[in-house]
Chemist: 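This is the structure, below, for whatever I ask next.
As a basis for the values below, the full set of heavy atoms in this structure was taken, side chains included, without hydrogen atoms, waters or symmetry mates.
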Amino acid sequence: LFLSQTPLAIFWDVENVPIPKISTGRDVVARLKSVLAPWGQLVQFRAYSNIGLGLIPQQKRSELQLSGCCLVDCPHVGRKEVADKM
C-alpha cells in the first residue's frame, strides 16, 4: 500500500555502491522497493556500471533485470566518473 502516489526513481552507481556480496539482486530490489513504498511508487530503477569490468556477476545482473532494474553500461574508455556524469 502506497501512502503517496508520487513517482520515484532510483539512479544507482553500482561501482561506488556495490551490491553486498551476501545479497541477491532480487533481495536488493525488493528491499529498496519496500523502504521507498511510503514515499511513493517506484516508476524507474536504473543501475549504472561498466558491465565489462565484471563488477556485477552474471547471476546478480540477471536477478536485477528480472526484478525490474534496468542496467546501463557505462564504459570508461580512459575517463573517470562516467556514471556520475550520465
Side-chain angles (χ1 to χ4, degrees):
L1 180 66
F2 296 107
L3 299 177
S4 170
Q5 292 300 312
T6 303
L8 300 176
I10 296 173
F11 303 99
W12 179 12
D13 182 345
V14 178
E15 292 177 21
N16 290 320
V17 184
I19 299 169
K21 292 184 184 215
I22 60 169
S23 298
T24 67
R26 182 189 306 190
D27 292 341
V28 171
V29 173
R31 179 70 178 137
L32 285 169
K33 286 180 178 180
S34 172
V35 168
L36 293 174
W39 288 276
Q41 186 171 6
L42 187 60
V43 296
Q44 189 175 94
F45 188 170
R46 294 177 177 252
Y48 297 83
S49 180
N50 184 343
I51 303 300
L53 291 179
L55 297 174
I56 308 173
Q58 184 175 358
Q59 180 67 31
K60 288 188 181 187
R61 286 196 319 261
S62 178
E63 293 165 353
L64 287 171
Q65 289 179 315
L66 290 171
S67 298
C69 178
C70 175
L71 298 177
V72 180
D73 188 18
C74 303
H76 289 243
V77 192
R79 296 180 314 232
K80 294 182 178 181
E81 301 176 347
V82 174
D84 297 335
K85 297 175 181 173
M86 290 190 82

Chemist: Taking only residues two or more places apart in sequence or in another chain, which ones pass side-chain hydrogen bond (donor to acceptor under 3.5 Å, both in side chains) with Thr24?
Modeler: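 Checked Thr24 against side-chain hydrogen bond (donor to acceptor under 3.5 Å, both in side chains); matches are Asp27.
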Chemist: If you compare all heavy atoms of Ser67 against all heavy atoms of Arg26, which two are closest, and at what distance to 0.1 Å?
Modeler: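 For Ser67 and Arg26, the tightest heavy-atom pair comes out as OG-CA, 3.5 Å.
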Chemist: Quick one: closest heavy-atom pair of Ser49 and Val14, and the distance?
Modeler: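 Scanning both residues, the minimum pair turns out to be CB-CB, 4.1 Å.
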Chemist: Spell out, yes or no, whether Val28 and Val17 are grouped together once hydrophobic residues are joined by side-chain heavy atoms under 4.5 Å, including indirect joins.
Modeler: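 As far as the 4.5 Å side-chain criterion goes, Val17 and Val28 are connected within one cluster.
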Chemist: Enter the distance from Arg46:CZ to Leu64:CG here, rounded to the nearest 0.5 Å.
Modeler: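 That separation rounds to 14.0 Å.
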Chemist: Distance from Asp73 atom CG to Tyr48 atom OH, nearest 0.5 Å?
Modeler: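 Rounded to the nearest 0.5 Å, the CG-OH separation comes out at 12.0 Å.
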Chemist: When rounded to the nearest 0.5 angstrom, what is the spacing between NZ in Lys33 and CD in Gln41?
Modeler: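 Answer rounded to 0.5 Å: 10.0 Å.
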Chemist: Supply the atom-to-atom distance Trp12 CH2 to Cys70 SG, rounded to the nearest 0.5 angstrom.
Modeler: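 Trp12 atom CH2 to Cys70 atom SG measures 13.0 Å (nearest 0.5 Å).
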Chemist: Nearest heavy-atom pair of Phe45 and Leu42: which atoms, and what distance?
Modeler: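 For Phe45 versus Leu42, the nearest heavy atoms are CD1-CD2, 3.9 Å.
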Chemist: Rounded to the nearest 0.5 Å, how far does CD1 of Ile19 lie from SG of Cys69?
Modeler: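 Between atom SG of Cys69 and atom CD1 of Ile19 there are 8.0 Å.
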Chemist: Could you give the distance from CG (Leu71) to CD (Gln65), rounded to the nearest 0.5 Å?
Modeler: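 Output value for this atom pair is 4.5 Å.
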